[in-house]
Amino acid sequence: MRFDELDLEDEILDGIDAMNFKEMTPVQEHTIPVILEGRDIIGCAQTGTGKTAAYTLPLLNRLLLEGNPDNQIRSVIMVPTRELAQQIDMQFEGFSYYLPISTTVVYGGGDGAGWDQQKKGLLMGSDVVIATPGRLLSHIANSGIDLSHVGYFILDEADRMLDMGFFDDIMQIVKHLPAQRQTIMFSATLPPKIRQLAKQILHNPAEINIAISKPNEAIVQSAYVCYETQKMPIVQELFAKSPDKKAIIFSSSKQKVKDLAYTLKRLRLNVAAMHSDLEQEQREAVMLDFKNGKINILVATDIVARGIDIDDIVLVINYDVPHDPEDYIHRIGRTARANADGVAITFVSEAEQGKFHRIEEFIEKDIYKIPVPPELGEAPAYAPKDAAARPRHRGGGHRKGGGKFRHGKGRRKE
């Protein structure tokens with residue numbers, strides 16, 4: 001089923017089209033109509049099934065129709081980690097490009113400026129608040145925010161939140177929400193503790209179960225376990241042998257995409273960047289040049305590259321390990337299309353080993369580790385469990401400035 005067959009407002013469909021979304025995944029096809037009806041949902045869907053868009057699109061549609069004349073917080077999306085919060089915010093940034101929709105992203109870590117920025121967005125009444133439980137509770141206790149007008153409460157990766165000990169925090173937050181609301185909960189599994197949570201916060205929910213998606217078997221998957229400083233020299237070596245191969249290099253931030261494209265151009269490679277700062281006309285021109293062979297290397301973020309449907313891409317490079325398997329499966333799925341073979345290579349720095357190991361667990365495959373060329377120096381050992389045990393900020397770090405408060409097109413960004 002195609003997205004343009006849904007009963008969505010034109011501005012939503014324009015955003016979907018701009019991001020090159022065409023066909024719905026099964027989880028989107030089964031859940032979007034139900035959410036548009038206003039029913040509660042408990043969905044069992046693994047990362048990689050397209051569940052973020054499954055609740056993002058109907059939520060945006062309902063927020064657009066209802067408006068927010070009194071500048072109140074209208075929806076809360078609860079997530080276990082800052083990485084997932086950032087990823088969901090990127091989805092909203094793409095889908096709401098043509099909408100007057102505001103979002104505030106709330107997660108822990110950082111300095112006082114980050115806290116103040118989050119507080120400002122919350123008190124101004126964001127249409128969408130994307131938050132980790134602990135940080136939102138802190139704002140409830142200290143910032144004087146009002147959640148009494150929230151009409152939509154969404155829990156993503158609910159089982160992971162409970163595994164991290166957030167059950168009591170979630171229930172505390174629920175006490176501040178109105179009883180009359182739509183509640184949507186997604187979980188990779190449905191153990192008894194999830195059933196218990198669902199029974200307490202959902203009303204007569206529809207239950208939807210979606211099968212796990214896995215990468216195409218025709219894709220040869222491999223990885224370099226390396227230091228961050230070794231990544232670019234490896235890229236140089238890969239393209240020194242075959243500079244004309246059609247490839248996509250994915251990075252998780254648009255600034256890094258810009259930097260990578262600039263560096264590769266200086267190496268006289270035929271490259272272009274694709275990121276959300278480009279206007280739609282510019283994106284279409286880049287994609288046309290890539291499809292026609294005028295450009296053979298595309299450096300891209302996840303959000304604007306989704307939906308690329310070009311059959312002769314032979315190589316995908318994950319310059320950064322994606323935050324979760326959904327992005328990994330999407331990225332490497334750009335190769336080995338139309339019954340062709342393809343290669344996917346992921347660069348795994350020390351700090352990224354834990355994320356990469358979670359991807360291996362999800363796809364139930366130990367991905368082959370290519371030795372780093374000896375002339376590039378010694379590489380780190382692959383020890384993801386040791387990497388996970390290293391000290392790190394709890395509650396999620398942050399981008400410079402901490403948190404983020406963003407309005408839709410035509411409204412102020414900070």
Minimum heavy-atom distance Lys245-Val314, with the two atoms named: CB-CG2, 3.8 Å

Gln180 CD: over 12 foreign heavy atoms closer than 6.0 Å: no

Backbone N/O of Arg39 and side chain of Gln182: donor-acceptor pair under 3.5 Å: yes

Validation row: Tyr152, Arg74 side chains within 4.5 angstrom (heavy atoms): yes

Side chain to side chain, Phe166 and Leu155, heavy atoms closer than 4.5 Å: no

Main-chain N/O of Asp277 paired with Gln282 side-chain donor or acceptor, under 3.5 Å: no

Donor-acceptor contact present, side-chain Ser187 to main-chain Leu190, <3.5 Å: no

Leu59 and Phe92, any side-chain heavy atoms less than 4.5 Å apart: yes

Residue pair Met287 / Leu298: nearest heavy atoms and the distance that separates them: SD-CD2, 4.0 Å

Geometric class of the Phe347/Tyr319 ring pair [parallel <30°, tilted 30-60°, perpendicular >60°]: perpendicular

Ring centre gap for Phe95 and Phe21 strictly below 6.0 Å: yes

Under-4.0 Å salt bridge between Glu217 and Lys365: no

Between NE2 on residue His275 and CZ on residue Arg283, distance to nearest 0.5 Å: 9.5 Å

Side-chain (Ser126) to main-chain (Gly121) donor-acceptor, under 3.5 angstrom: yes

Inter-residue atom distance Tyr227.OH - Glu350.CD, 0.5 Å rounding: 5.0 Å

Heavy-atom pair with the smallest gap, counting every atom of Ala85 and Tyr107: CB-CD2, 4.3 Å

Value rounded to 0.5 Å, distance of CG in Leu122 from CD1 in Ile73: 5.0 Å

Beyond-backbone contact of Lys355 with Val348, side-chain heavy atoms, under 4.5 angstrom: no

Under 3.5 Å donor-acceptor, Ser253 side chain and Lys256 backbone: yes

Stacked cation flag Lys231 on Tyr224, 6.0 angstrom / 45 deg: no

Side chain to side chain contact (heavy atoms under 4.5 Å, CB included) between Asp17 and Lys22, intermediate numbers included: CA-CA 7 Å; Asp17 184 62; Lys22 303 298 181 185; 3.1 Å; yes

Gln255 and Asp259: side chain donor to acceptor below 3.5 Å: yes

Separation of Arg82 CZ from Asp89 CG (nearest 0.5 Å): 13.0 Å

Side chains of Thr56 and Ile77 in contact at under 4.5 Å (non-hydrogen atoms): no

Side chain to side chain contact (heavy atoms under 4.5 Å, CB included) evaluation trace for Phe167 with Gln200: CA-CA 11 Å; Phe167 182 92; Gln200 291 182 250; 3.4 Å; yes

Donor-acceptor pair between Lys199 and Gln196 side chains, under 3.5 angstrom: no

Donor-acceptor pair, side chain of Asn216 and main chain of Ala218, under 3.5 angstrom: yes

Heavy-atom side-chain proximity of Thr335 to Val343 below 4.5 angstrom: no

For the student: nearest non-hydrogen atoms of Leu63 and Ile101, plus distance: CB-CD1, 4.0 Å

Euclidean distance, Ile170 CD1 relative to Leu136 CG, rounded to 0.5 Å: 11.0 Å

Other residues, nucleotides, ligands: >12 heavy atoms within 6.0 Å of Asn142 CG: yes

Leu123 to Gly144 - nearest heavy-atom pair and separation: CD2-O, 3.8 Å

Separation of Ile367 CD1 from Ser222 OG (nearest 0.5 Å): 8.5 Å

Any donor-acceptor N/O pair, Asn318 side chain to Arg331 backbone, under 3.5 Å: no

Heavy-atom neighbours of Asn292 CG exceed 12 at 6.0 Å: yes

Donor-acceptor under 3.5 Å (Arg181 side chain, Ser75 main chain): no

Leu238 side chain near Ile345 side chain, heavy-atom distance below 4.5 Å: yes

Close side-chain approach of Leu269 to Gln236, heavy-atom, < 4.5 Å: no

Flag, side chain of Asn270 to backbone of Lys294, donor-acceptor distance under 3.5 Å: yes

Pair Asp163 + Lys193: basic N to acidic O under 4.0 Å: yes

Chi angles and distances behind the side chain to side chain contact (heavy atoms under 4.5 Å, CB included) call for Val225, Phe356: CA-CA 10 Å; Val225 178; Phe356 189 69; over 6 Å; no

N-O pairing of Glu157 and Arg358 below 4.0 Å: no

Any donor-acceptor N/O pair, Glu352 side chain to Val321 backbone, under 3.5 Å: yes

Heavy-atom closest contact (Val257 atom, Ser251 atom, distance): CG2-CB, 3.9 Å

